[in-house]
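Please read the structure below before turning to the comments.
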Amino acid sequence: MKLSDKKKLFWSILDPIMQEKGYTPFKTGGDPSYVSIEEYLVKIFVFNFPNLGNIEAGGVCLSLPHVENYILSIGVPNKDMDVYLKNKRYFLYTVIHRTPGLSFKEYYEKIGVDYAQNSYQQTQETEEEVIRHAHAFLYYLNHEGAAFIEHYGYLPNILKEMDRLEAEGEDWNGILSGYGDRLFRGIIISKLCNDSNYEKKLSYCDQKFTTVELLKDWQPYWEKLKALLPAIEPKYPYYK
């Protein structure tokens, strides 16, 4: 099948279901997506088409405006914020579901299709394979993806995961999106949730931005954020 035919068939299956669920399709460019904008939560699914002609789907991305609006106000190094300020198609991600493959694998196993271990991408050469791949995505959407949205659309659950990672000696990148802005997100979430360990997290972030050479360009933005932090009031719960 031509890639154009694959796309047409793929979107014809997804569009009615995604739009019924409140998602707006954006199909131009190399990163087509479905976006659902709610007052306190934005849900994004992004697709891409590599040279082999396959249709690839990533895990759900969540953008929480109460967190991201502060980052938009201070900016980050080497990134134009204008495209994100429009709030129509492109958003800063708070958390990303990075392991959607399990539910794709589970779906294929349920219908008796051999599935490569640790891979959620399937080659689509026939109409049947494109249809199967579309339904694999919908299975993920309605199962593991839905569970991720329900859990991490609630800000205190993100904080709990941050604390779990920290207790196990791991970094917040296990749940939070970004590089230096990952630390921005962590301290904003801590403040919004009235975290009893806020001061400890603040010292941790401050130490990172003042001693890690790779974060040198982020220091001026960190100082801007620190000036805003005292005025941030707890705002949860916002999503149930």
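The first residue of the sequence shown is numbered 1, and numbering continues consecutively from there. For the numbers below, each heavy atom of this structure counts, side chains included, while hydrogens, waters and symmetry mates do not. Quick caveat: nothing in here was measured; it's all calculated off a predicted structure.
Judged purely by distance below 3.5 Å, without hydrogens or angles, the side chains of His135 and Tyr140 never pair a donor atom with an acceptor atom.
Between the side chain of Asp217 and the backbone N or O of Pro77, no donor-acceptor pair lies under 3.5 Å.
Taking the six-membered ring for Trp and thresholds of 30 and 60 degrees, Phe148 and Tyr152 have ring planes inclined between 30 and 60 degrees apart. Ring geometry for Phe47 versus Trp11: interplanar angle over 60°, hence perpendicular rather than tilted (30 to 60°).
Between Leu202 and Leu229, the closest heavy-atom pair is CD1-CD1, 3.7 Å.
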Anything under 3.5 Å between a donor and an acceptor, one on a side chain of residues 19-26, the other on a protein residue two or more places apart or in another chain? List them.
residue, atom, partner, partner atom, Å
Lys21, NZ, Asn142, OD1, 3.1

Test side chain to side chain contact (heavy atoms under 4.5 Å, CB included) on Lys7 and Lys27 and set out the steps. CA-CA 10 Å; Lys7 291 180 182 180; Lys27 298 177 184 175; over 6 Å; no
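Looking at residues two or more places apart in sequence or on another chain, you find a side chain to side chain contact (heavy atoms under 4.5 Å, CB included) between Lys201 and Leu159, Met162, Asp163, Glu166, Trp172, Ile187, Ser190, Asp195, Asn197. Ser203 is linked by a side-chain hydrogen bond (donor to acceptor under 3.5 Å, both in side chains) to nothing, counting only residues two or more places apart in sequence or in another chain.
Between Lys191 and Glu233, no side-chain nitrogen of the basic residue sits less than 4.0 Å from a carboxylate oxygen of the acidic one, so the salt-bridge criterion is not met. A salt bridge links Glu68 with Arg185: the closest approach of a Lys/Arg side-chain nitrogen to an acidic carboxylate oxygen falls below 4.0 angstrom. A salt bridge does not link Lys8 to Asp15: none of the charged nitrogens lies less than 4.0 Å from a carboxylate oxygen.
Applying the 6.0 Å contact sphere to CD of Glu128 captures no more than 12 heavy atoms from other residues, nucleotides or ligands.
When ring centroids are compared, Phe137 and Phe45 come within the 6.0 Å threshold.
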